[in-house]
Asker: 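One structure is given below, represented as structure tokens, and several questions about it will come after.
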Amino acid sequence: MTLTMLLIVGAALIGTGLYGALSQQSFVMLMMGLELMLNGIMLYAVAFWALAGHGIPEGQLLTIIVMAVMAIEMAMGFALVVAVFRTSQADTTEALQDLKH
Amino acid sequence: MVGIWTDITFYLCAAIAVFSGWRVFRTDSMVRASFLLLISFLAVGVIMLLLAAVYLGTALFFMMAVEMMVMALFMVMFMMNPAGLNPMNMVHQPWVAALLGFAVFTGLSLVAVYGEFPANPAPADLDPVRSLGRELLGDSMLVFESAGIALLATMIGTVVLSSHRGRYGPANEGSEPPGLDPGGPPAKSAAQKQQQREEQKEQEEDKQDHDQ
């Protein structure tokens with residue numbers, strides 16, 4: 001388990017997540033892509049903390065902040081899905097082609 | 001001996017994390033997709049535990065278990081085909097997305113392989129939980145509390161966005177779109193345009209029937 005291997009695994013997660021976020025039509029699947037990218041970023045942060053940063057506590061703090069970002073993204077994303085579904089019964093990005101006025 | 005098992009566990013978890021992450025976008029069932037994402041997160045949590053980030057790995061387990069259950073519930077409530085009974089392929093621009101994803105993976109991997117990082121591992125006698133706790137409630141308390149405030153704002157925003165609109169009816173009731181020209185008649189909304197198109201189509205069909 002070297003830093004290089006950990007970073008490559010993180011890169012694979014970020015690449016897969018980017019593919020998902022760009023290619024999915026459904027809102028929730030799109031959010032899953034974002035979550036997968038944040039997953040890779042957390043792995044990066046922990047890998048650097050453990051193997052390159054001499055265990056400084058700010059490394060762990062960064063991971064906690066990424067977790068908070070993840071929770072915020074998820075909650076706001078679901079709230080937006082509910083709001084969009086209420087107004088236009090849409091659950092895919094393609095259905096939202098028009099602005100309100 | 002311990003080192004070998006650590007390596008084996010790491011490679012296993014890495015393979016599981018990447019494979020299930022990829023399968024998220026390849027499965028027909030959206031509920032299954034959220035559970036595959038959960039598996040990917042759990043595998044990353046195990047890697048964190050291997051790296052001695054005890055608190056973070058455990059927190060990731062708990063957080064993701066709850067989050068993915070909520071996601072699965074949302075899939076059942078809102079999305080078509082949550083059980084995967086029909087083949088599903090709801091994608092747009094798949095090749096551009098795949099190309100960009102691969103480019104990002106290649107770029108980051110090149111940085112990982114050819115970049116020079118300090119080999120400066122955490123000291124063996126470090127207590128990660130204690131050091132994190134001291135940081136959170138010590139020097140970085142402002143950052144930590146700011147994250148808390150941001151989460152509070154998220155809660156308020158979520159309730160505002162997802163609740164019914166106002167006790168006096170919809171906020172946009174009676175509002176009209178602005179005119180296309182300054183002072184001109186209001187432009188038609190998308191719903192009105194759609195209605196007009198349908199009416200025209202019906203009229204044309206009636207006319208055709210009439211002609212026949």
Side-chain angles (χ1 to χ4, degrees), chain A residues 1 3-20 22-26 28-29 32-33 35-36 39 42-43 46-55 57-58 60-61 63-65 67-68 71-72 74-76 78-83 85 91-92 94 98 100-101, chain B residues 6-7 10 14 17-18 21-22 24-25 33 37 40-41 44 47-48 50-53 56 63 67 71 74-75 78-79 90-94 97-98 100-102 104-105 108-109 112-113 117-118 120-123 126 128 131-132 135 140 143 147 150-151 154 157-158 161-162 177-178 189-190:
Chain A
M1 186 165 56
L3 183 61
T4 310
M5 278 314 297
L6 281 163
L7 294 188
I8 289 177
V9 174
L13 289 173
I14 292 176
T16 318
L18 184 68
Y19 162 76
L22 290 179
S23 70
Q24 295 297 312
Q25 289 183 337
S26 161
V28 184
M29 295 294 283
M32 284 189 175
E35 298 261 312
L36 207 56
N39 193 13
M42 278 199 299
L43 187 59
V46 172
F48 278 123
W49 165 79
L51 298 176
H54 199 61
E58 284 88 348
Q60 291 194 78
L61 179 74
T63 318
I64 296 261
I65 297 296
M67 275 188 193
I72 291 172
M74 186 93 175
M76 289 313 278
F78 279 138
L80 283 172
V81 170
V82 174
F85 199 82
D91 67 347
T92 61
E94 253 72 2
D98 291 310
K100 176 73 193 161
H101 286 322
Chain B
T6 308
D7 275 354
F10 165 67
V18 175
W22 170 66
V24 166
F25 305 110
L37 190 61
S40 175
F41 272 108
V44 170
I47 296 177
M48 283 185 186
L50 291 179
L51 287 168
L56 295 174
M63 190 174 148
E67 204 170 306
M71 211 166 214
F74 260 79
M75 293 299 192
F78 282 107
M79 304 298 149
M90 286 168 58
V91 289
H92 49 198
Q93 56 195 15
L100 275 175
F102 188 73
V104 165
F105 166 66
L108 288 175
S109 300
V113 173
F117 302 107
N120 201 357
L126 175 77
S131 96
L132 177 63
E135 182 69 19
S140 299
V143 180
L151 283 168
T154 309
T158 310
L161 275 175
S162 56
S189 70

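Every chain is numbered from 1, with letters handed out A, B, ... down the list of sequences. For clarity, every value in this text was computed on a predicted model and none was experimentally measured.
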Asker: Under a 4.5 Å heavy-atom cutoff, which of A:Leu3, A:Leu80, A:Thr4 has the most pairs with chain B?
Answerer: A:Thr4
Asker: Would you compute the distance between atom CD1 of A:Ile72 and atom CE of A:Met67 and round it to the nearest 0.5 angstrom?
Answerer: 13.5 Å
Asker: Among A:Gly55, A:Gly15, A:Ala11, which has the most heavy-atom pairs under 4.5 Å with chain B?
Answerer: A:Ala11
Asker: With rounding to the nearest 0.5 Å, note down the distance linking CZ in A:Phe48 to OG1 in A:Thr63.
Answerer: 12.0 Å
Asker: Over all heavy atoms of both residues, which pair between B:Gly21 and A:Leu36 is shortest? Give the atoms and the distance, please.
Answerer: O-CD2, 3.6 Å
Asker: In terms of heavy-atom proximity below 4.5 Å to chain A, should B:Ala147 be classed as side chain, backbone, both, or neither?
Answerer: side chain
Asker: Quick check for you: to the nearest 0.5 Å, what is the distance between A:Gln24 atom CD and B:Gln93 atom CD?
Answerer: 11.0 Å
Asker: Tell me which of these, B:Ala33, B:Gly157, B:Ala17, has more heavy-atom pairs under 4.5 Å with chain A than the rest.
Answerer: B:Ala33
Asker: For A:Glu35, which atoms come within 4.5 Å of any heavy atom of chain B: side chain, backbone, both, or neither?
Answerer: both
Asker: Measuring heavy-atom distances to chain A, does B:Met71 have an atom under 4.5 Å in its side chain, in its backbone, in both, or in neither?
Answerer: both
Asker: Under 4.5 Å, counting heavy-atom pairs only, tell me which of A:Gly20, A:Ser23, A:Ala79 racks up the most with chain B.
Answerer: A:Ser23
Asker: For chain A, which of B:Val91, B:Leu151, B:Leu108 has the most heavy-atom pairs under 4.5 Å?
Answerer: B:Val91
Asker: Compare all side-chain heavy atoms of B:Val113 with those of A:Leu7 and state whether any distance is below 4.5 angstrom.
Answerer: no
Asker: Sequence neighbours excluded, which residues qualify as side-chain hydrogen bond (donor to acceptor under 3.5 Å, both in side chains) partners of B:Ser140?
Answerer: B:Glu135
Asker: Shorter than 4.5 Å, heavy atoms on both sides: which option in A:Ala71, A:Ala75, A:Pro57 has the most such pairs with chain B?
Answerer: A:Pro57
Asker: Sequence neighbours left out, what passes side-chain hydrogen bond (donor to acceptor under 3.5 Å, both in side chains) with B:Asn120? Give chain and number order.
Answerer: A:His54
Asker: In terms of heavy-atom proximity below 4.5 Å to chain B, should A:Phe78 be classed as side chain, backbone, both, or neither?
Answerer: both
Asker: According to the interplanar angle, ranging from 0 to 90°, do the rings of B:Phe25 and A:Tyr19 count as parallel (below 30°), tilted (30 to 60°) or perpendicular (above 60°)?
Answerer: perpendicular
Asker: Going by heavy atoms in the side chains, are B:Phe74 and A:Val82 under 4.5 Å from each other?
Answerer: yes
Asker: Take A:Ile14 and B:Phe105 through the test side-chain contact (heavy atoms from CB on, under 4.5 Å) and record every step on the way to the result.
Answerer: CA-CA 7 Å; A:Ile14 292 176; B:Phe105 166 66; over 6 Å; no
Asker: Do B:Met48 and A:Trp49 come close enough that some side-chain heavy atom pair is under 4.5 Å?
Answerer: no
Asker: Where on A:Leu51 is there a heavy atom nearer than 4.5 Å to chain B: the side chain, the backbone, both, or neither?
Answerer: both
Asker: Examine whether an atom of A:Ile65 lies under 4.5 Å from a heavy atom of chain B, and if so say whether it belongs to the side chain, the backbone or both; otherwise answer neither.
Answerer: side chain
Asker: Could you have a look at B:Leu126, B:Val44, B:Val104, B:Leu100 and say which one has the most heavy-atom pairs with chain A under 4.5 angstrom?
Answerer: B:Val44
Asker: Using a 4.5 angstrom heavy-atom cutoff, name the option from A:Asn39, A:Val9, A:Leu18 with the most pairs to chain B.
Answerer: A:Asn39
Asker: Specify which of B:Leu56, B:Leu50, B:Ile47 makes the most heavy-atom pairs with chain A at under 4.5 Å.
Answerer: B:Leu56
Asker: Pick from B:Pro94, B:Ala52, B:Gly101: which one has the most heavy-atom pairs with chain A under 4.5 Å?
Answerer: B:Gly101
Asker: Using a cut-off of under 4.5 Å for heavy-atom pairs, which of A:Glu94, A:Gln60, A:Met76 has the most such pairs with chain B?
Answerer: A:Gln60
